[in-house]
There are 2 protein chains.
Amino acid sequence: MTQGEPPSPSPRSRPTMREVAALAGVAIKTVSRVVNEVPTVDPAIVARVREAADKLGYRPNLTASSLRRGDGRTATIGMLVEDSANPFSAALSRTVENVARERGVLVLVGSLDEDPARERELARALIDRRVDGLVIVPAGRDHSYLISEQRSGTCLVFVDREPSLLDADTVLSDNRQGAVTAVNHLLKAGHRRIAYLGDRATISTAAQRFDGYRHALEVGHIEYDDEIVRHTGASEESAITATERLLALPNPPTALFTSQNVVTIGAVRALRALGLQDTVAHVGFDDFPLADILSPGISVIAQDVEQLGRTAAEMLFRRLDGDRSPTRAVTIPTRLIERGSGEITALAPSPRASI
Amino acid sequence: MTQGEPPSPSPRSRPTMREVAALAGVAIKTVSRVVNEVPTVDPAIVARVREAADKLGYRPNLTASSLRRGDGRTATIGMLVEDSANPFSAALSRTVENVARERGVLVLVGSLDEDPARERELARALIDRRVDGLVIVPAGRDHSYLISEQRSGTCLVFVDREPSLLDADTVLSDNRQGAVTAVNHLLKAGHRRIAYLGDRATISTAAQRFDGYRHALEVGHIEYDDEIVRHTGASEESAITATERLLALPNPPTALFTSQNVVTIGAVRALRALGLQDTVAHVGFDDFPLADILSPGISVIAQDVEQLGRTAAEMLFRRLDGDRSPTRAVTIPTRLIERGSGEITALAPSPRASI
DNA sequence: CGACGCTGAGACAACGTTGACTCGACGGGA
DNA sequence: TCCCGTCGAGTCAACGTTGTCTCAGCGTCG
């Protein structure tokens, strides 16, 4: 296990402009000008300063620089997601990172795990580090604590879920319409008994998707039945249990609409464990990796995560560039991807149902 | 699309200690003491300062604070991964985030996309922001550019891949042994013609896994055959193509060892497209979500990502806490997970092979 | 009763950098 | 030839905070 020598016998501290200036025989300010590529410096001096900087391994201190600079910008933004290891959050933050990269901006990422207290803590921690702006997939239902920060000039953009008690730019998927599309798709395949399985109803996206579900049923003249509706949390286990219970009902659903990717995966597992994956139709909200490779492939309402992230990041940077227009709420359309599971047609009433 | 009113008519700047001090009628230093919870302040004054701070929405400026403080710590670390949207990278950075969280440290994440130039740029960008330390999954093969940074006191820990031309703490999976286990598993099922499909051989993990592959063959007295070895990049497309070509050979392999998760997924797709998923045995290196739910389930050599990330983060923080012991290289064992695809036994020479 | 220690708060400088200003040298036009 | 504008480099202070020192007030003890 042991490898090398002590990493650094004397961890001498980082060289500063002062030292570079001394070595190059110029004033600190001249070093500053060279570092910032101010064009009015004699090329010979530029060369001398560069040489001295390289020799010392000088790296500018952006922390000090942003403190002194007029705009106080740190070229860093914060991103708060539900869980950076979850594919949706990961794809979202990666997109934001890509947009930020184009501008030399780095991203501080924090995971909230659906904990409103953690949201506040992390938002504060980011603000204390003076990030230029924040992209937030909120966990909480009260964002008034951000009002003063917003007023102090921190730009905020909400993605995937809307802010509450706060006026801020927002980018959402068209959750309601997506759910309507999903349910209509199942109705078209002849299903009349379509279960809803989703995240906790306090989460705004879940609520919107549920609303779409109910709306589509209503338009389709299907009576709403509480018994086949489950607002489980976003955990595979609870989704599995809920699915098992639904299908064990005396009058079980012939189709499932699952409104979140973890829930969808739980349902997929449960259906396979019961051997019902080719019997019970299933459409999930949110695409997920390998959904196409299962048999049957899982039909989903795919969110355009790339578009969500890119739009949010671009809105943020537009604000940072001085855009003072009224806040906007942008809706990104979703798309039905047919892969098989959603195209299973309704059976004649099952034996169980006819008992 | 349009929503609210202008977000902030006058984006007045953030309150400072000076303003809090003025409002509370005390000296700036006293505010500092209250903020830092120095116990020698009169409770009445503490209350007055707190009130003033709340009223103004004061938030300390960690940027300024870390500049002035003796240790210059920013309570921020950097994490460079291959692609934060890839499940392996995402899980790794999430683990690091969790460890950091316990200490109130935030994580700046950057994706390298296997680009050594980007590695250098991002490492520099992080250092310029004076992160306390760096956890790196390197893309490049020369890390000497970090020597001076290391000497200047920036702590570095490498994960998943080792540093080159630099002595630094390292946490690796036991890649060679994992590959040996995979190949042995296939040998045990009777396979004698086992293809290797992996990432570019310049990547150290890929090289180690390839080495394990060769070693296991040698020990098993199987002659190495260049024809069934492909060092494709880590893209699904190239893995699909490579798999197709391998199986179209006059003497095709009866088993596949894929040495990286994206490559594994590509191979899985290709096998299914060819209808060979129940015929050709397959073990992949790296677990991936839903590997268990496919049919057959994909047998894998699972890395203990949690352990990798946690160990790396803990090593980093130990250094930050002043550990000056020699650098260490820790190896994390891997684990074979049997799910079906790796347990397919060798067939009698296929018709094609006997032509 | 006076010197002394202690406690709690303020004054001041400094962290590394940059904005605003200054100053010397040089060149061109009157 | 002289003055003024220009250009390039330097001086100084300040960003928001904290380490160090100072100092006033008070209680205590010989």
Side-chain angles (χ1 to χ4, degrees), chain A residues 12-50 52-53 56-75 127-132 152-154, chain B residues 12-50 52-53 56-75 127-132 152-154:
Chain A
R12 59 124 217 270
S13 78
R14 214 163 262 294
T16 68
M17 279 192 178
R18 182 205 293 310
E19 292 161 57
V20 176
L23 184 58
V26 297
I28 297 185
K29 183 74 230 236
T30 302
V31 178
S32 167
R33 280 193 264 254
V34 172
V35 168
N36 291 290
E37 297 180 310
V38 173
T40 65
V41 184
D42 184 325
I45 295 192
V46 171
R48 222 162 69 223
V49 170
R50 287 257 156 78
L56 296 175
Y58 172 78
R59 292 263 82 209
N61 186 334
L62 248 57
T63 263
S65 157
S66 94
L67 181 61
R68 184 57 183 87
R69 287 188 125 98
D71 56 10
R73 291 284 168 83
T74 53
I127 286 165
D128 292 353
R129 283 167 181 78
R130 292 301 184 265
V131 292
D132 300 333
S152 306
T154 305
Chain B
R12 60 125 213 270
S13 77
R14 214 163 261 294
T16 69
M17 278 192 176
R18 182 205 292 310
E19 292 160 58
V20 176
L23 183 58
V26 296
I28 296 184
K29 184 71 229 233
T30 301
V31 178
S32 167
R33 280 193 264 256
V34 172
V35 168
N36 291 288
E37 297 181 310
V38 173
T40 65
V41 184
D42 184 325
I45 296 193
V46 171
R48 221 162 70 224
V49 170
R50 287 257 157 79
L56 296 175
Y58 172 77
R59 292 264 80 211
N61 185 335
L62 249 56
T63 264
S65 156
S66 94
L67 181 62
R68 184 58 183 88
R69 286 189 126 99
D71 57 10
R73 290 287 168 80
T74 53
I127 286 165
D128 293 353
R129 283 166 181 78
R130 292 301 184 268
V131 291
D132 299 332
S152 304
T154 306

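Every chain is numbered from 1, with letters handed out A, B, ... down the list of sequences. On a predicted model such as this, the values are computed, not experimentally measured, just so you know.
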### Message
Within the 4.0 Å heavy-atom criterion, would you say A/Ala64 contacts the bases, only the backbone, or no part of the nucleic acid?
### Response
base
### Task
Tell me which of B/Val26 and B/Arg68 sits closer to the 5' end of DNA chain C, going by the nucleotide each one is nearest to.
B/Val26
### Listed partners of A/Asp128 passing side chain to side chain donor-acceptor pair (under 3.5 Å), at least two apart
B/Arg59
#### Entry: Angle between terminal axes - the helix from C/dC1-D/dG30 to C/dA30-D/dT1, 5 pairs each end, rounded to 10°
60°
### Main-chain N/O of A/Arg73 paired with A/Asp71 side-chain donor or acceptor, under 3.5 Å
yes
### Query
Across the strands shown, which category fits B/Leu62 at heavy-atom distances under 4.0 angstrom: base, sugar-phosphate, nothing?
nothing
### Summary
So the contacted stretch of DNA chain D, first to last nucleotide with an atom under 4.0 Å from a non-hydrogen atom of chain A, runs from D/dG8 to D/dG16
### Task
Answer whether the closest heavy-atom distance between the side chains of A/Arg130 and A/Ser66 falls below 4.5 Å.
no
### Task
Answer yes or no: is there a side-chain heavy-atom contact under 4.5 Å between B/Thr16 and B/Asn61?
no
### Message
Side chains of A/Tyr58 and A/Arg14, heavy atoms from C-beta outward: is any pair under 4.5 Å?
### Response
no
### Task
Please assess A/Thr74 against A/Leu62 for the test side-chain contact (heavy atoms from CB on, under 4.5 Å), listing each intermediate value before the final yes or no.
CA-CA 7 Å; A/Thr74 53; A/Leu62 248 57; over 6 Å; no
### Message
What I'd like to find out is whether the side chain of A/Val20 reaches to under 4.5 Å of the side chain of A/Val35, using heavy atoms alone.
### Response
no
### Query
Below 4.5 Å, heavy atoms only, C-beta onward: do B/Val26 and B/Val31 meet side chain to side chain?
yes
### Summary
Residues in residues 28-38 of chain A with a heavy atom under 4.0 Å of DNA chain D, by number, are A/Lys29, A/Thr30, A/Arg33
Sequence neighbours left out, cut at 3.5 Å: what donor-acceptor pairs do the side chains of residues 43-50 of chain B make with other protein atoms?
residue : atom : partner : partner atom : Å
B/Arg48 : NE   : B/Ala24 : O            : 3.0
B/Arg48 : NH2  : B/Ala24 : O            : 3.2

### Message
With salt bridge (Lys or Arg N to Asp or Glu O under 4.0 Å) as the rule and sequence neighbours excluded, what pairs involving residues 23-43 of chain A come up?
### Response
none
